[in-house]
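Below: one structure, written as structure tokens.
Just so you know, ligand 1 is whichever comes first in the structure, and atom 1 is the first atom listed for that ligand.
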Amino acid sequence: MKQIQIINGPNLNLLGKREPTVYGNQTFEDYFLELKAKFPDVKLDYFQSNTEGLLIDKLHEIGFTYDGIILNAGAYTHTSIAIADAIRSISVPVIEVHISNVFKRENFRHHSFLSEACKGCIVGFGLDSYRLAIDSILNNN
Ligand code: DQA
């Protein structure tokens, strides 16, 4: 059974309540149940933290054993060299995802410190970005 870890960074615990015109009305917990139902043959795990170091600890913890990691680092995407270094330090491929199309938004969201360290990026498809990332891991692209 494939093991895939979803890691969400700061403020993504407020999905459903947070800026619904940008991020939609659904909570991640609710969407995660849908994802699990869609991929019954995958061991899907979910972790969220608002703390940079805890995101790095999670990458270290599972970064040598899982089949793939889907990371939405929230605003740390645009600031964190430490998370980029953590991605480079592990062997499991990481897919960077964003719910919103960051390239349609403020200039400071156009740069990611993480993209260069990731296998690929999926940006702007709403919560479906996570499903697309799982498909890409399962298809081994
Ligand atoms: C986000 C985009 C980031 O710029 C923002 O800081 C977030 C969410 C997204 O999923 O669209 O917190 O990563």
Side-chain angles (χ1 to χ4, degrees), residues 2-141:
K2 296 257 187 207
Q3 285 189 298
I4 297 177
Q5 174 79 50
I6 296 175
I7 302 178
N8 274 345
N11 302 307
L12 292 164
N13 54 312
L14 293 183
L15 287 176
K17 287 190 199 136
R18 170 194 186 196
E19 298 181 83
T21 54
V22 180
Y23 299 111
N25 296 304
Q26 195 171 13
T27 66
F28 197 83
E29 287 71 17
D30 188 39
Y31 176 67
F32 186 61
L33 291 177
E34 288 179 21
L35 271 184
K36 292 219 302 198
K38 206 168 274 182
F39 296 100
D41 298 331
V42 176
K43 183 181 181 300
L44 262 186
D45 292 325
Y46 169 53
F47 175 78
Q48 189 277 331
S49 177
N50 294 318
T51 305
E52 188 175 17
L54 294 180
L55 298 171
I56 292 169
D57 287 345
K58 182 50 89 173
L59 288 166
H60 292 178
E61 180 193 321
I62 50 98
F64 296 90
T65 50
Y66 275 49
D67 296 289
I69 298 171
I70 297 166
L71 173 64
N72 184 348
Y76 286 138
T77 304
H78 317 299
T79 63
S80 180
I81 294 167
I83 292 177
D85 279 348
I87 295 168
R88 288 191 190 94
S89 303
I90 60 177
S91 57
V92 174
V94 177
I95 317 269
E96 174 180 347
V97 307
H98 297 287
I99 298 164
S100 64
N101 182 349
V102 286
F103 300 104
K104 272 194 192 165
R105 301 180 64 193
E106 304 94 321
N107 278 336
F108 64 83
R109 294 187 205 276
H110 296 182
H111 179 257
S112 164
F113 280 102
L114 313 186
S115 302
E116 201 195 323
C118 287
K119 183 170 182 196
C121 307
I122 299 174
V123 174
F125 293 94
L127 287 173
D128 200 38
S129 297
Y130 294 87
R131 195 266 310 163
L132 291 165
I134 294 172
D135 275 335
S136 82
I137 293 166
L138 297 180
N139 294 335
N140 230 347
N141 290 322

List ligand 1's nitrogen or oxygen atoms that come under 3.5 Å of a protein nitrogen or oxygen, with the partner atom and distance.
{"from": "ligand 1", "atom 1": "4 (O)", "to": "His78", "atom 2": "NE2", "distance (Å)": "2.7"}
{"from": "ligand 1", "atom 1": "4 (O)", "to": "Arg109", "atom 2": "NH1", "distance (Å)": "2.9"}
{"from": "ligand 1", "atom 1": "6 (O)", "to": "Ala75", "atom 2": "N", "distance (Å)": "3.2"}
{"from": "ligand 1", "atom 1": "6 (O)", "to": "Arg109", "atom 2": "NH1", "distance (Å)": "3.1"}
{"from": "ligand 1", "atom 1": "10 (O)", "to": "Asn72", "atom 2": "ND2", "distance (Å)": "2.8"}
{"from": "ligand 1", "atom 1": "10 (O)", "to": "Ile99", "atom 2": "N", "distance (Å)": "2.8"}
{"from": "ligand 1", "atom 1": "11 (O)", "to": "Ile99", "atom 2": "N", "distance (Å)": "3.2"}
{"from": "ligand 1", "atom 1": "11 (O)", "to": "Ser100", "atom 2": "N", "distance (Å)": "2.8"}
{"from": "ligand 1", "atom 1": "11 (O)", "to": "Ser100", "atom 2": "OG", "distance (Å)": "2.6"}
{"from": "ligand 1", "atom 1": "12 (O)", "to": "Arg18", "atom 2": "NH1", "distance (Å)": "3.2"}
{"from": "ligand 1", "atom 1": "12 (O)", "to": "Arg18", "atom 2": "NH2", "distance (Å)": "3.0"}
{"from": "ligand 1", "atom 1": "13 (O)", "to": "Asn72", "atom 2": "OD1", "distance (Å)": "2.8"}
{"from": "ligand 1", "atom 1": "13 (O)", "to": "His98", "atom 2": "ND1", "distance (Å)": "2.8"}

Test your reading of the model: is there a side-chain donor-acceptor pair from [X] to the backbone of [Y], 3.5 Å cut-off?
X      : Y      : value
Tyr76  : Ile83  : no
His110 : Arg105 : yes
Ser49  : Thr51  : yes
Glu96  : Gly120 : no

**Item:** Residues which pass side chain to side chain contact (heavy atoms under 4.5 Å, CB included) with Val123, listed by chain and number, not counting sequence neighbours
**Value:** His98, Asn101, Val102, Phe103, Cys121

**Item:** Residues Tyr23 and Asn11: side-chain donor-acceptor under 3.5 angstrom
**Value:** no

